[in-house]
Amino acid sequence: MEYRIAVLPGDGIGPEVTEQTLLVLERVGEKFNHSFQFQKLLAGGCAIDATGTPLPEETLEACKNSDAVLLGAVGGPKWDNLPGDKRPEAGLLGLRGGLGLFANLRPAILNKELRDACTLRPDIIGESMDIMVVRELTGGIYFGERGRRSGKMGEEAFDTESYSVGEVERIARLAFEIARKRSKKVTSVDKANVLESSRLWREVVVRVAKDFPDVTLDHMYVDNAAMQLVRNPKQFDVIVTTNMFGDILSDEASMITGSIGMLPSASLGEGEFGMYEPIHGSAPDIAGKDMANPLATILSAAMMLRYTMHLEKEARAVEDAVNKVLEEGYRTGDIMSPGKKLVGTAEIARLVAERI
Ligand code: NAD
């Protein structure tokens, strides 16, 4: 099969980690007889420098015409003082909105080889952890009406949380479908004791659940979910939640694993299309030094093989190769521990490719 992939390396370590990931994808192509066409495009700070905008029209159009997007990371101190809508991060929001990516999937997996990196006690975490956070990505308070106005106590600012039945239905359906391929449990997180938008959210999730009788559904208020994640993370399989709650809980869940350089993500829309990126940022402190861990981006490419291309065997081959390299004791600096072999960005990616 032939696939067109729009590649947005971005800033900082973005270009290094994506470059190495493309080599791994090429190896997958060779081994399993697929052809990947890569088109490199500008987004983020590098796009601001070259064109004055973080998301040039040409980039968005090319992404729309591809099968999937692979993104490195955007941003850095050079662009920190620009106004909100001119910053590199605005390019990310533009991509999500422009590509209709309404769901963000963030697996928080603790690899048993990296148990020492976990921030929780061994008796709490056990052998491993595997949670999938499904976050609504194009609705809620990040996209609702906002503004400033004068009030009784001076100037006021407001942001609006609102959800429609359709928005909740499609994200809930996706969460149940994903749970079906895992441990068949969905926890819907809301704040239905206070927020009207959460009460609608809950009603719709309950309705969608009727189409998935094989999947168990429970509900949790977001404050409790934040506590339960650190008290007993093993109780969770799939968590489905709103844009803002998902933003916070997915960071909390991933941080439990302790290794930001290991965690992939996928943003999905209708159909097969998706954008795949590591959860970490552009790490300007280590950019250009061959120190960045490329495994999060490589694992994001594995998610691309699974969710956009439905190449399960190929996705597993990449994930198995990553596990093998870790089992053999190779580590980048961020996941290094005594007695292991320290390697750089290019070398660890080469080792992964070699094991596919
Ligand atoms: P960061 O994720 O870039 O870095 C946090 C820490 O983790 C740093 O010490 C960094 O060296 C380390 N780190 C991150 N990824 C690593 C990797 N792959 N290998 C080894 N170490 C790694 O977060 P930050 O420092 O808060 O932000 C830096 C810039 O990235 C900012 O401009 C921010 O806006 C941007 N950012 C972008 C995205 C994105 O593109 N999706 C996400 C988060 C932050």
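- Around atom NZ of K234, more than 12 heavy atoms belonging to other residues, nucleotides or ligands sit under 6.0 Å away.
- The cluster map of Ile, Leu, Val, Met, Phe, Trp and Tyr, joined by side-chain heavy atoms under 4.5 Å apart, puts L8 and F38 in different clusters.
- Side-chain contact between M309 and E314 is absent, with no heavy-atom pair separated by less than 4.5 Å.
- More than 12 heavy atoms of other shown residues, nucleotides or ligands fall within 6.0 angstrom of atom CG in N193.
- The existence of a salt bridge linking E312 and R316 is confirmed by a sub-4.0 Å separation between a basic side-chain nitrogen and an acidic carboxylate oxygen.
- Using a 30° and 60° split on the angle between ring planes, H34 and F32 fall in the parallel class, below 30°.
- Contact of the I5 side chain with the M304 side chain is registered, since non-hydrogen atoms from C-beta on lie closer than 4.5 Å.
- Between L295 and L326 the shortest side-chain heavy-atom distance falls below 4.5 Å.
- Under the side-chain contact (heavy atoms from CB on, under 4.5 Å) criterion, A90 pairs with P54, not counting sequence neighbours.
- The one candidate from T332, I335, T257 that meets the side chain to side chain contact (heavy atoms under 4.5 Å, CB included) condition with M262 is I335.
- In E58, the CD atom is not crowded: 12 or fewer heavy atoms of neighbouring residues, nucleotides or ligands sit closer than 6.0 Å.
- Looking at Y142 and M244, their side chains come closer than 4.5 Å, going by heavy atoms from C-beta outward.
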Working for side chain to side chain contact (heavy atoms under 4.5 Å, CB included), residues E161 and D159
CA-CA 7 Å; E161 171 88 347; D159 301 272; over 6 Å; no
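- With sequence neighbours left out, Y307 forms a ring-ring contact (aromatic ring centres under 6.0 Å, His included) with no residue at all.
- Counting heavy atoms of neighbouring residues, nucleotides and ligands inside a 6.0 Å radius, atom CE of M336 exceeds 12 of them.
- Identified under the ring-ring contact (aromatic ring centres under 6.0 Å, His included) test for residues 174-221, with sequence neighbours left out: Y163-W201, F176-F212.
- Ion pair R180/E177 not flagged as a salt bridge, since none of the NZ, NE, NH1 or NH2 atoms sits closer than 4.0 Å to an Asp/Glu carboxylate oxygen.
- Smallest separation of non-hydrogen atoms from I286 and A292: CD1-CA, 3.8 Å.
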If you apply the rule side chain to side chain contact (heavy atoms under 4.5 Å, CB included), what do you find for R350 with L23, and how did you get there?
CA-CA 8 Å; R350 190 192 66 75; L23 297 177; over 6 Å; no
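- Under the side-chain contact (heavy atoms from CB on, under 4.5 Å) criterion, E155 pairs with R148, sequence neighbours left out.
- Listed here is the closest heavy atom pair of P56 and T51: CG-OG1, 3.7 Å.
- Atom CG of N65 has more than 12 neighbouring heavy atoms from other residues, nucleotides or ligands inside a 6.0 Å radius.
- Side-chain contact check for L351 versus K341: every heavy-atom pair is 4.5 Å or farther apart.
- With sequence neighbours left out, the side chain to side chain donor-acceptor pair (under 3.5 Å) criterion links E319 to R306.
- Remark: K64 engages L60, E61, L99 in a side-chain contact (heavy atoms from CB on, under 4.5 Å) (not counting sequence neighbours).
- The two residues G45 and D11 make their nearest non-hydrogen contact at N-OD2, 2.7 Å.
- Evaluation of the side-chain hydrogen bond (donor to acceptor under 3.5 Å, both in side chains) test over residues 264-280, restricted to residues two or more places apart or in two chains, returns N104-S267, E272-H310, Y276-T308.
- A heavy-atom distance below 4.5 Å is not found between the side chains of M255 and T119.
- Between D190 and R199 there is no salt bridge, since no side-chain N of the basic residue sits under 4.0 Å from a carboxylate O of the acidic one.
- Using a 4.5 Å cut-off between side-chain heavy atoms of Ile, Leu, Val, Met, Phe, Trp and Tyr, I125 falls into a hydrophobic cluster with L110, L120, I124, M129, I131, V133, V189, V194, L195, M220, V222, L229, V230, F236, I239, F245, L249, I256.
- Residues passing the ring-ring contact (aromatic ring centres under 6.0 Å, His included) test with F102, sequence neighbours excluded: none.
- With sequence neighbours left out, M227 forms a side-chain contact (heavy atoms from CB on, under 4.5 Å) with N224.
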Using the salt bridge (Lys or Arg N to Asp or Glu O under 4.0 Å) rule, take E328 and K324 through it: C-alpha gap first, then chi angles, then the decisive distance, then the call.
CA-CA 6 Å; E328 290 170 24; K324 186 119 206 305; 3.1 Å; yes
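- I109 forms part of no hydrophobic cluster, judged by ILVMFWY side-chain heavy-atom separations under 4.5 Å.
- Between V186 and A179, the closest heavy-atom pair is CG2-CB, 3.6 Å.
- The two residues E156 and G151 have their closest heavy-atom pair at OE2-CA, 3.5 Å.
- Under a 4.0 Å N-O distance rule, the pair D320/R355 does not qualify as a salt bridge.
- Considering only heavy atoms from C-beta on, L105 comes within 4.5 Å of L174 through its side chain.
- Not a single side chain to side chain donor-acceptor pair (under 3.5 Å) links S282 to another residue, sequence neighbours left out.
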